[in-house]
Amino acid sequence: MSRLNIFFGHFLELRTTAIKSFVIYLIFFIAMIPFANEIYSFFSQPLLDQLIGLNGLVISTKLTATFLVPFKITAYCALIASLPFIFYQFWNFISPGLYKKERQFVILIMIFAFLLFLSGTLFVYFLIFPIIFNFFISVTPEDVELMIDISSYLEMIIALFIAFGLAFEVPLVLITAVKFNWIKIKTLENNRKYIIVAAFIFGAIFTPPDILSQILLALPILFLYEIGLFISKNKLIKRY
């Protein structure tokens, strides 16, 4: 069999895997649509809890927003819920080409990638949201009636979920890079100052334009960087 035929064979398998993954996501999304309003209520609760003291309101300045916002947040939740099944599809695609130890390592990476991303989302919901909302609401002047548009709120929380979800993957990125000798531990240790700058730049890009949000994202990145560095030094990781 020619290399070209092998390439097209793998390409067709990859396409089939992608189609299956999309169908899985679609099934989760359709199943969750009837609960879209309840899902939105869950994600808006941290803000509503902080607004009670000011008698603030969540409003919609667009007629379609009351439909689209719950729809979009449900789409995000469906993606998170379907990720383990999507990972499984891609695992079936790549596993035949891996050695036993490589398969063990990839399985661990997939499991922890999902758990860490989910942990980042929960970290935002239960810790970051209350801090951010309480801060900005507390500095609202007394003569200002606070009304928050749900579309703007959606954009902010999705950005924070994705930013912290990706930030929580830092240890896995470091462990994988060291495992496959893409980078040396000594290099990581000697470039901490650049990582600090990069963490704050990442925070500035993926959080609302305020210093508090940037700091609340940058600090976990630096902490997770050190965790990833510590684990990378552990000889147990070499077993996989």
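All of these numbers come straight from a predicted model, not from anything done at the bench.
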With a 6.0 Å cut-off on ring centres, are [X] and [Y] close enough?
X    : Y    : answer
F168 : F123 : yes
F43  : F129 : no
F85  : F28  : yes

Before giving the answer on salt bridge (Lys or Arg N to Asp or Glu O under 4.0 Å), spell out for R192 and E226 the whole-Å C-alpha distance, their side-chain angles and the decisive distance to 0.1 Å.
CA-CA 9 Å; R192 280 189 174 92; E226 294 299 330; 2.7 Å; yes
Separation between [atom1] of [X] and [atom2] of [Y], rounded to the nearest 0.5 Å:
X    : Y    : atom1 : atom2 : value
I175 : I227 : CD1   : CD1   : 9.5 Å
I80  : Y25  : CD1   : OH    : 10.0 Å
I157 : T121 : CD1   : OG1   : 10.5 Å
T176 : F112 : OG1   : CZ    : 12.0 Å
L68  : I73  : CG    : CD1   : 13.0 Å
L116 : L166 : CG    : CG    : 11.5 Å

Does [X] reach the side chain of [Y], with side-chain heavy atoms less than 4.5 Å apart?
X    : Y    : value
Y40  : F71  : no
N134 : P130 : no
S95  : V106 : no
Y153 : V69  : no
E189 : L229 : yes
R15  : I19  : yes
L79  : F29  : no

Work out which heavy atom in [X] is nearest to a heavy atom in [Y]; give both atom names and the distance.
X    : Y    : answer
F93  : E13  : CE1-CB, 3.7 Å
L222 : A199 : CD2-CB, 3.8 Å
A167 : L217 : CB-CD1, 3.8 Å
Y225 : L188 : OH-O, 2.6 Å
F164 : P220 : CE2-CG, 4.2 Å
T74  : I33  : CG2-N, 4.1 Å

Does a sphere of radius 6.0 Å around CZ in F35 hold more than 12 heavy atoms from other residues, nucleotides or ligands, not counting ones at 6.0 Å or beyond?
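No, because the 6.0 Å sphere around CZ of F35 holds 12 heavy atoms or fewer from other groups.
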Tell me if a side-chain donor or acceptor on [X] pairs with a main-chain N or O of [Y] at a distance below 3.5 Å.
X    : Y    : answer
N191 : T187 : yes
Q89  : A18  : no
S152 : I148 : no

Parallel, tilted or perpendicular, as decided by the 30° and 60° cut-offs, for the rings of Y125 and F42
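Rings of F42 and Y125: parallel, under 30°.
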